[in-house]
Student: 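Supplied in structure tokens, the structure appears directly below.
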Amino acid sequence: MFSVVFSCFITVACISYTICGRVIDFEAIGGIAGDDRLSTCRKNTHLLNQTVNSLQTNDTIVFPSNRTFWLIGGIYARRLAHVTFQIDGVLKFSDNFLQWPRDSRTHLVLDCFYFEQLDHVTFTSANTENQKGIIDGSGNRWWGIVEYLVIRGDRPRLLVIYNSTNLLVENILLKNSPKWTFYGKDVANLEIRHTDVDARRHPAVQWHDLDELTAFNTDGFDISGTNVWIHDCNIWNDDDCIAVKQQDSRSIHSTCSENMLFERINASGVGLSIGSVGASVAHSCVRNITFRDCTMYNTFKGIYLKSRPGDEGHTGEISNILYENIQIYNASQWAIWFGPQQAAFKGACSLLWPFVPEMPCPIPSGITWNNITLRNITLYDPQISPGVIVGNTSNPMKNILFDNVVVKNPGSHPWGDKYYACSNVEGIAQGDTQPVPPCFKHYK
Ligand SMILES: *[C@@H]1O[C@H](CO)[C@@H](O)[C@H](O)[C@H]1NC(C)=O
Ligand SMILES: *[C@@H]1O[C@H](CO)[C@@H](O)[C@H](O)[C@H]1NC(C)=O
Ligand SMILES: *[C@@H]1O[C@H](CO)[C@@H](O)[C@H](O)[C@H]1NC(C)=O
Ligand SMILES: *[C@@H]1O[C@H](CO)[C@@H](O)[C@H](O)[C@H]1NC(C)=O
Ligand SMILES: *[C@@H]1O[C@H](CO)[C@@H](O)[C@H](O)[C@H]1NC(C)=O
Ligand SMILES: *[C@@H]1O[C@H](CO)[C@@H](O)[C@H](O)[C@H]1NC(C)=O
Ligand SMILES: *[C@@H]1O[C@H](CO)[C@@H](O)[C@H](O)[C@H]1NC(C)=O
Ligand SMILES: *[C@@H]1O[C@H](CO)[C@@H](O)[C@H](O)[C@H]1NC(C)=O
Ligand SMILES: *[C@@H]1O[C@H](CO)[C@@H](O)[C@H](O)[C@H]1NC(C)=O
Ligand SMILES: *[C@@H]1O[C@H](CO)[C@@H](O)[C@H](O)[C@H]1NC(C)=O
């Protein structure tokens with residue numbers, strides 16, 4: 001590989017004299033580092049947006065290390081092909097939510113980055129383990145109870161990639177997103193590696209207490225699509241760490257979200273999740289998903305599979321799911337949950353269920369659960385009873401297998417010596433599974 005400098009600022013990277021692409025240094029073309037004034041955020045954003053929209057095949061845009069480029073939301077591009085974002089320094093978004101750009105039609109805030117129809121696009125960093133490239137959403141100003149009551153969900157997501165193929169994200173820290181961190185929506189062939197999510201209210205916090213949990217909706221990796229591999233990542237946030245979502249009905253790639261592998265992930269938040277499955281589209285489905293070799297320290301929820309209540313009449317499917325070799329330490333809420341989504345929206349299973357009497361927790365009947373295995377799972381010191389596994393009477397969960405699901409020192413509230421809420425499930429416990437969910441058959 002050799003490079004030719006053909007102007008002051010733009011280098012051409014070549015692997016042979018016929019295959020060249022430009023290397024565009026964001027600072028060299030006029031990006032201003034280290035200045036967080038709104039006018040600079042806007043200037044940088046405008047320049048970045050223009051530059052991204054002019055990228056050509058095999059171009060690389062580089063954000064140099066030891067530099068922080070302040071931005072504000074609304075960066076949008078589509079149909080980029082064979083381009084690389086090399087983030088060696090820091091891209092940091094303003095927290096000025098009053099001046100945040102809004103969609104002219106809906107008046108809702110624009111996401112920090114929104115891309116669609118990407119193909120062969122890489123987000124990388126030349127920086128190594130301890131100093132990854134950073135995209136920082138300055139979420140702290142957007143989070144909190146008061147903020148939530150005022151602005152609700154009208155907060156930007158950090159990085160959204162829709163209807164795209166052949167994506168690689170590596171060596172990046174995605175920090176303090178105001179809302180969802182990464183949403184790969186209807187994507188095919190996505191790999192994310194050595195990329196961390198960190199959304200926390202206080203730098204030293206180690207548990208998801210009530211204050212920390214007000215970093216609402218800071219989902220880590222939300223994914224729908226097919227052929228996805230996410231591995232060797234650390235996630236700390238206050239919503240789903242990973243959520244495999246159903247595809248959008250308009251997707252061209254597949255009708256199901258499927259064929260995904262998540263491994264060697266250290267996560268703490270509201271779960272390694274499937275779902276919620278069952279909203280908005282007529283038939284939604286998630287199948288052939290594996291999570292393995294993961295650890296969860298002081299997490300709020302652990303293994304969290306959820307159907308979406310409140311859309312009666314919709315059908316869907318959660319099938320061929322495997323969770324294998326996962327250790328969950330000191331979960332403060334449900335370590336294992338198979339059932340309806342717990343959330344604050346109308347029709348959902350109440351967040352207070354079952355701790356406050358009369359709180360609703362309806363179980364949708366339209367979602368079919370089949371062939372879900374938990375193997376070699378250890379829960380250490382879950383603070384409450386280990387779990388909830390609840391199907392609908394008219395459509396029980398089928399082929400649910402717990403193989404070596406071991407709970408050490410479980411909390412006793414609220415299920416006492418039953419350990420799990422367990423109903424309408426055709427389940428089998430085998431290996432050293434202990435305790436056995438009370439509605440499962442047990443084979444030694
Ligand atoms: C881009 O690079 C690839 C190999 O990396 C090469 O096959 C292709 O021809 C290049 N395209 C252009 C337009 O330079
Ligand atoms: C970045 O800064 C660190 C510490 O100031 C220094 O050691 C390193 O060489 C710098 N890296 C670059 C690429 O300038
Ligand atoms: C970025 O460019 C796209 C495409 O030209 C445009 O629609 C969008 O409004 C631009 N955003 C900003 C913040 O300039
Ligand atoms: C998805 O992307 C393809 C091109 O890759 C395009 O033809 C199609 O219209 C897009 N679909 C939607 C719903 O945006
Ligand atoms: C299930 O997904 C994995 C990727 O995680 C893939 O290798 C495998 O082929 C898929 N199985 C089926 C039956 O499609
Ligand atoms: C895993 O996460 C916990 C906190 O959630 C952290 O203390 C620990 O260092 C992480 N482990 C690794 C290997 O990064
Ligand atoms: C159950 O799901 C696993 C993947 O988790 C798959 O390998 C297996 O073939 C499925 N079994 C049936 C009977 O479909
Ligand atoms: C478990 O988490 C709670 C907070 O939910 C914390 O107070 C306690 O110290 C933790 N225990 C251990 C052993 O880390
Ligand atoms: C599951 O645990 C058993 C017993 O400890 C062990 O023999 C087996 O190799 C483990 N399987 C995986 C996939 O880790
Ligand atoms: C199951 O679904 C039916 C029909 O939607 C509903 O009436 C019922 O309350 C649900 N709950 C349980 C526990 O089966």
Student: Provide the full list of salt bridge (Lys or Arg N to Asp or Glu O under 4.0 Å) pairs with a residue in residues 35-46, sequence neighbours left out, each pair given once.
Tutor: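 Checked against salt bridge (Lys or Arg N to Asp or Glu O under 4.0 Å) - neighbours excluded - the pairs reaching residues 35-46 are Asp35-Arg37.
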Student: Can you pull out every side chain to side chain donor-acceptor pair (under 3.5 Å) where at least one residue sits in residues 108-122? Sequence neighbours excluded, please.
Tutor: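 Of all non-adjacent pairs touching residues 108-122, those that pass side chain to side chain donor-acceptor pair (under 3.5 Å) are Tyr76-Glu116, Arg79-Gln117, Asp111-Arg157, Asp119-Thr165, Asp119-Asn166.
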Student: Got a donor-acceptor contact below 3.5 angstrom from the Asn53 side chain to the Asn49 backbone?
Tutor: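 Yes, Asn53 side chain to Asn49 backbone: donor-acceptor pair under 3.5 Å.
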Student: Mind checking what makes ring-ring contact (aromatic ring centres under 6.0 Å, His included) contact with Trp229, not counting sequence neighbours?
Tutor: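 Trp229 satisfies ring-ring contact (aromatic ring centres under 6.0 Å, His included) with His231 only.
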Student: Could you work out, with disulfide bond (SG atoms under 2.5 Å apart) as the rule, every residue matching Cys361, not counting sequence neighbours?
Tutor: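 Disulfide bond (SG atoms under 2.5 Å apart) list for Cys361, sorted by chain: Cys349.
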Student: Residues in side-chain contact (heavy atoms from CB on, under 4.5 Å) with Ser273, at least two apart?
Tutor: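 Partners of Ser273 by the side-chain contact (heavy atoms from CB on, under 4.5 Å) criterion, ordered by chain and then number, come out as Asp240, Ala243, Tyr304, Lys306.
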Student: If only atom types and distance count, is the side chain of Ser125 paired as donor or acceptor with the main-chain N or O of Gln86 below 3.5 Å?
Tutor: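 A pair under 3.5 Å: no.
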Student: Could I get the full list of ring-ring contact (aromatic ring centres under 6.0 Å, His included) partners for Phe216, not counting sequence neighbours?
Tutor: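 Testing Phe216 for ring-ring contact (aromatic ring centres under 6.0 Å, His included), a comparison that skips the adjacent residues, returns Tyr148.
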Student: Does any pair with a residue in residues 28-67 pass ring-ring contact (aromatic ring centres under 6.0 Å, His included), and if so which ones, sequence neighbours excluded?
Tutor: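 Checked against ring-ring contact (aromatic ring centres under 6.0 Å, His included) - neighbours excluded - the pairs reaching residues 28-67 are Phe26-Phe63.
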Student: Side chains of Glu170 and Thr124: any donor to acceptor distance under 3.5 Å?
Tutor: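 Yes - a donor-acceptor pair under 3.5 Å links their side chains.
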Student: Once you round to the nearest 0.5 Å, how far does CD1 of Ile289 lie from CD of Glu258?
Tutor: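 Interatomic distance, Ile289 CD1 to Glu258 CD, rounded to 0.5 Å: 8.0 Å.
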Student: Applying ring-ring contact (aromatic ring centres under 6.0 Å, His included), name anything that partners Phe300, two or more places apart in sequence or on another chain.
Tutor: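 For Phe300, no residue satisfies ring-ring contact (aromatic ring centres under 6.0 Å, His included) once neighbours in sequence are set aside.
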Student: Out of the candidates Ile192, Val244, Thr290, only one should pair with Phe262 under the side chain to side chain contact (heavy atoms under 4.5 Å, CB included) rule; please name it.
Tutor: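 The residue from Ile192, Val244, Thr290 that satisfies side chain to side chain contact (heavy atoms under 4.5 Å, CB included) with Phe262 turns out to be Val244.
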Student: Would you confirm whether Ser268, through its side chain, and Met296, through its main-chain N or O, come within 3.5 Å as a donor-acceptor pair?
Tutor: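 Side chain of Ser268 to backbone of Met296, a donor-acceptor pair under 3.5 Å: no, none is there.
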Student: Just by distance, with hydrogens left out, do Asn266 and Asn234 show a side-chain donor and acceptor under 3.5 Å apart?
Tutor: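 There is such a pair between these side chains.
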Student: Rounded to the nearest 0.5 Å, what separation is found between the CD1 atom of Ile134 and the NZ atom of Lys175?
Tutor: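 Rounded to the nearest 0.5 Å, the CD1-NZ separation comes to 5.5 Å.
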Student: If we ignore angles and hydrogens, is there a donor and acceptor under 3.5 Å between the side chains of Asn370 and Asn399?
Tutor: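 Yes, because at least one side-chain N or O of Asn370 sits under 3.5 Å from a partner of the opposite role on Asn399.
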Student: Suppose the criterion is salt bridge (Lys or Arg N to Asp or Glu O under 4.0 Å): which pairs have a residue in residues 322-341, not counting sequence neighbours?
Tutor: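 Passing the test, one end in residues 322-341: Glu324-Arg375.
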Student: Closest approach of Val197 and Asn237, non-hydrogen atoms and distance?
Tutor: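 Answer, listing the atom of Val197 first, then Asn237: CG1-CB, 4.5 Å.
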Student: Say whether, by atom type as modelled, one donor and one acceptor occur between the side chain of Ser164 and the main chain of Leu118 under 3.5 angstrom.
Tutor: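 Checked: pair present.
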Student: Check whether the side chains of Asn189 and Glu191 place a donor and an acceptor atom closer than 3.5 Å, and report yes or no.
Tutor: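 The answer is no; no qualifying pair exists.
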Student: Would Trp142 and Lys179 satisfy side chain to side chain contact (heavy atoms under 4.5 Å, CB included), going step by step from the backbone distance to the final call?
Tutor: CA-CA 8 Å; Trp142 298 86; Lys179 200 178 169 186; over 6 Å; no
Student: Would you find more than 12 non-hydrogen atoms of other residues, nucleotides or ligands less than 6.0 Å from Leu210 atom CG?
Tutor: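 Not more than 12 within 6.0 Å, no.
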Student: For a quick test of reading the model, state the closest non-hydrogen atom pair linking Met397 to Gly339 and the distance between them.
Tutor: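 What the structure gives for the nearest pair is CE-N, 4.2 Å.
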Student: Do any N or O atoms from the side chain of Asn176 and from the backbone of Arg200 form a donor-acceptor pair under 3.5 angstrom?
Tutor: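 Yes, the answer is positive, given that a donor and an acceptor are paired below the 3.5 Å cut-off.
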Student: Side-chain donor-acceptor pair under 3.5 Å between Asn259 and Asn288, yes or no?
Tutor: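 The criterion, which ignores hydrogens and geometry beyond distance, is satisfied for Asn288 and Asn259.
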Student: Hey, could you give me the CD/OG distance between Gln247 and Ser284, rounded to the nearest 0.5 Å?
Tutor: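 Rounded to the nearest 0.5 Å, the CD-OG separation comes to 11.0 Å.
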Student: Return the set of residues passing ring-ring contact (aromatic ring centres under 6.0 Å, His included) with Phe93 (not counting sequence neighbours), or none when no residue passes.
Tutor: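 Phe113.
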Student: Indicate the ring-plane relationship of His208 and Trp236, choosing parallel, tilted or perpendicular according to the 30° and 60° boundaries.
Tutor: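 If you compare the ring of His208 with that of Trp236, the planes turn out parallel.
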Student: Is it the case that the side chains of Asn392 and Asn424 hold a donor-acceptor pair, with the cut-off being a distance below 3.5 Å and no angle test?
Tutor: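 Side-chain D/A pair, Asn424 to Asn392: absent.
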Student: Strictly by salt bridge (Lys or Arg N to Asp or Glu O under 4.0 Å), give each pair with a member in residues 264-277 just once, sequence neighbours left out.
Tutor: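 Matches after skipping sequence neighbours: Asp232-Arg264.
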Student: Kindly say whether Leu352 contributes a backbone atom to a donor-acceptor pair with the side chain of Ser350 at under 3.5 angstrom?
Tutor: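 Yes.
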Student: By the salt bridge (Lys or Arg N to Asp or Glu O under 4.0 Å) test, which pairs, at least two apart or in different chains, include something from residues 145-155?
Tutor: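 Sorted pair list: Arg102-Asp154.
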